[in-house]
There are 2 protein chains.
Amino acid sequence: MEKVSLKVIAKELGVSAATVSLVLNGKNKNGRVSEEMSKKIIDKAAELHYIPNSLAKGLKMGHSKSIGLIVADISNVFFGTLALHIQNYAEKEGYTVIIGNTNEKLEEMGKIITFLNSRQVDGLIITPAEGSEVLIESVLKGKKPLVLVDRGFPDLNVPSVLINNYEICYRSTKQLIDQGFKNPAFITYRQDQFHTNERKRGFIEAMKDAGLFTPDHVKEVSYQYLNEDMDKAISQLLKCEKKVDAIFFATNTISMAGVKSLFKRGMLIQKDIQVMCFDETDAINLFPFRVPFIKQPIEEMAKSALELLIDQIEKKDVKNQKLFLEAELIT
Amino acid sequence: MEKVSLKVIAKELGVSAATVSLVLNGKNKNGRVSEEMSKKIIDKAAELHYIPNSLAKGLKMGHSKSIGLIVADISNVFFGTLALHIQNYAEKEGYTVIIGNTNEKLEEMGKIITFLNSRQVDGLIITPAEGSEVLIESVLKGKKPLVLVDRGFPDLNVPSVLINNYEICYRSTKQLIDQGFKNPAFITYRQDQFHTNERKRGFIEAMKDAGLFTPDHVKEVSYQYLNEDMDKAISQLLKCEKKVDAIFFATNTISMAGVKSLFKRGMLIQKDIQVMCFDETDAINLFPFRVPFIKQPIEEMAKSALELLIDQIEKKDVKNQKLFLEAELIT
DNA sequence: CTGAAAGCGCTTACAG
DNA sequence: CTGAAAGCGCTTACAG
């Protein structure tokens with residue numbers, strides 16, 4: 001099967017490649033090409049199953065109509081869902097998305113950015129890894145359109161789509177307190193990222209405002225030894241002077257590990273101990289008891305991130321907008 | 001910041017673009033370019049942060065060094081994990097992967113294939129949707145390298161990476177029977193796909209061989225109304241003449257919906273009723289009781305699929321191999 | 001109104 | 001041993 005290019009169609013019809021290009025791209029303004037030839041070209045393209053070569057088009061046009069999406073791990077449901085929605089919206093706008101996984105590693109993130117740049121992506125949507133400010137700044141310097149999502153850097157002037165982490169965690173903690181829990185605890189990652197810091201701050205402030213704050217009730221676990229650290233953290237919390245009667249888990253992976261650890265100890269959730277989670281997960285929906293959780297507007301986040309990116313790509317409109325979408329406490 | 005191309009480097013060094021290309025691609029055989037100039041070129045490229053334009057390279061070379069991966073839904077953990085591993089292996093081989101979601105819809109699948117072709121992917125890895133034989137055949141005709149994964153078509157001569165669905169389901173069912181369960185049931189999707197048919201067949205044959213088969217104990221649910229159908233199916237199973245004492249769920253989404261439905265009825269899993277699942281899920285790992293499940297070798301599947309594809313792309317080696325990897329029953 | 005030509009950034013066969 | 005030239009498939013400014 002011969003490769004079908006513009007030239008092939010042109011030759012078959014005894015017309016120039018330019019004419020074919022014009023017609024097929026709907027750029028046949030003010031009747032440059034006759035109705036009749038137009039139709040012939042369109043028919044012939046269909047007959048030959050002509051598929052334009054987007055590499056050539058991209059090279060000529062100086063854009064690839066593709067964007068890079070960099071996440072920590074595409075097999076994590078949160079990122080998977082984010083990716084799905086970003087792809088859906090991107091498709092509507094005619095963009096492909098190429099996904100890269102960092103595994104939360106800085107070096108990986110650097111490699112992926114270079115790789116995506118060589119692929120000539122028109123822009124980047126990134127959930128930045130810890131400590132990647134410098135990398136992000138270098139992308140900014142390269143003038144490549146960029147949007148941060150889920151995680152942002154307060155000191156960096158870069159378009160970002162975030163959620164109201166502080167506020168939602170404050171409110172959720174307050175609700176626990178209002179329900180009568182006297183000793184809620186908080187378990188989060190041992191990392192210095194703005195979004196998790198904000199979640200922690202929300203918890204701490206709410207506790208302070210209620211006069212209940214105990215520093216020992218905030219525990220940190222590592223990404224790498226999640227399950228082991230979780231077992232230890234929960235052990236400690238249950239041995240605390242003021243025995244913990246509720247736990248607020250700061251992310252979906254932490255929530256899963258936490259619930260697992262509680263199950264292992266034979267504790268009855270929402271009876272022996274109250275639990276509050278971040279993000280919806282398959283598992284949460286399964287339980288015969290209700291677990292309140294904070295629901296992030298993932299689809300909206302995807303949509304906004306893409307809009308912010310495409311605004312930059314197409315309208316060269318570089319307002320450094322930071323969007324804070326509202327998460328919701330589902331009880 | 002000026003765009004850095006080969007030409008820029010060449011001009012700065014007073015040498016031709018050809019020479020720069022040769023050196024940077026390590027094609028400087030038999031000392032065509034002097035050591036000294038070589039070093040200068042490499043240094044200059046680093047200094048200018050030269051990133052090759054893979055669009056141009058792809059256009060010239062006739063390959064894009066990218067492959068398309070078509071799955072039903074990237075936010076499903078099974079596909080997410082598959083995608084993660086495929087990306088990891090692809091990266092090692094210097095390939096990008098572009099992911100498309102079909103949502104199990106035939107038209108979507110067709111659109112995505114055309115789209116990926118226009119992106120000039122060098123090959124396709126597909127988990128085909130129901131009824132997509134004709135589409136797959138048309139891809140085959142286009143001579144584009146192709147590998148099917150997870151789901152295959154027995155009548156089609158196309159390289160595929162599958163698992164031993166029949167056998168593993170036979171063995172798993174037999175184990176239920178050996179454990180003393182007299183009335184196991186099977187719940188699967190109402191669809192005509194080879195892989196799910198094989199799973200069902202494994203269950204049925206094992207039941208027949210034990211003299212226990214009851215047609216009423218095989219239920220089918222729809223993809224679209226999964227939860228409603230599941231509630232109905234389980235109701236019926238529990239009302240059966242021979243009361244069901246175990247349920248074998250045929251996929252991970254079905255397993256989740258099934259467990260949820262059982263919880264809703266207040267049934268104690270592995271006490272009131274024995275449950276067996278397909279695929280590992282976060283939720284399964286959570287429970288304080290053990291749920292036996294069939295573990296697919298996802299990473300191996302990813303690796304084999306990629307190998308089969310790259311063999312075709314690079315060595316033009318088109319043996320129509322069907323690989324059957326072994327799933328494992330984890331109890 | 002239409003076609004020929006140039007050029008996007010690269011690679012490689014060819015001429016010197 | 002090295003550079004000039006052609007060409008991958010497209011688009012668009014330009015000349016007729």
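A, B, ... follow the sequence lines: proteins, then strands. Residue 1 opens every chain.
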Under 4.0 Å between a Lys/Arg side-chain N and an Asp/Glu carboxylate O for B:R151 and B:E133? no

Atom-to-atom span, CG of A:D122 to P of C:dC8 - whole angstrom: 18 Å

In whole Å, I'd like the distance from the NZ atom of B:K60 to the C1' atom of D:dA5. 10 Å

Can you measure B:K11 atom NZ to D:dG3 atom C1' for me and round it to whole angstrom units? 16 Å

Which residue lies more 5' along DNA chain D, comparing B:A56 with B:V15 via nearest heavy atoms: B:V15

Please tell me which of B:L22 and B:L59 maps to the more 5' nucleotide of DNA chain C, matching each residue to the nucleotide holding its nearest heavy atom. B:L59

So does A:K65 pair up with A:E314, basic N to acidic O under 4.0 Å? yes

Distance-only polar pair, side chains of A:E108 and A:N101, donor-acceptor under 3.5 Å: no

If you only use heavy atoms from C-beta on, which nucleotide in C:dG9, D:dG3, D:dC10 is closest to the side chain of A:L6? D:dC10

Just how far, in rounded Å, is P of D:dG9 from CG of B:N117? 15 Å

Winner on side-chain proximity to A:K7, out of D:dC8, D:dT11, C:dG9, is D:dC8

Atom CE of B:M61 and atom C1' of C:dT12 are separated, to the nearest Å, by 9 Å

Going by atom types only, do B:R119 and A:T96 share a side-chain donor-acceptor pair under 3.5 Å? yes

Distance check needed: D:dT11 P versus B:L55 CG, whole Å only. 13 Å

B:N25 side chain near C:dT11 phosphate (N/O to OP1/OP2, under 4.0 Å): yes

With a cut-off of less than 4.0 Å, is there a side-chain N or O of B:S21 near OP1 or OP2 of C:dC10? no

Keeping A:S64 on the side-chain end and A:Q120 on the backbone end, is there a donor-acceptor pair under 3.5 Å? yes

Identify the nucleotide, in any strand shown, that forms a Watson-Crick or G-U wobble pair with D:dA4, with both distances under 3.5 Å; if there is none, say none. none

Looking at the side chain of A:K57, which of C:dT12, D:dT11, D:dG7 is the nearest nucleotide? D:dT11

Ignoring the backbone of B:A18, work out which of D:dT12, D:dA5, C:dC10 is nearest its side chain. D:dA5

Could you tell me the separation between the CD atom of B:Q120 and the P atom of D:dG9, rounded to a whole number of Å? 9 Å

Should C:dA13 form a Watson-Crick or G-U wobble pair with both distances under 3.5 Å, which nucleotide is its partner? none

Side chains of A:K303 and A:N88, donor plus acceptor under 3.5 Å: no

Please state how far atom NZ in A:K65 lies from atom P in D:dT11, giving the value in whole angstrom units. 13 Å

Can you identify which nucleotide, out of C:dC10, D:dT11, C:dT12, has its nearest atom closest to the B:K27 side chain? C:dT12

Can you tell me if the side-chain N/O atoms of B:Y50 get under 4.0 Å from OP1 or OP2 in C:dC10? yes

Phosphate-side-chain proximity, B:T19 and D:dG3, N/O vs OP1/OP2 below 4.0 Å: yes

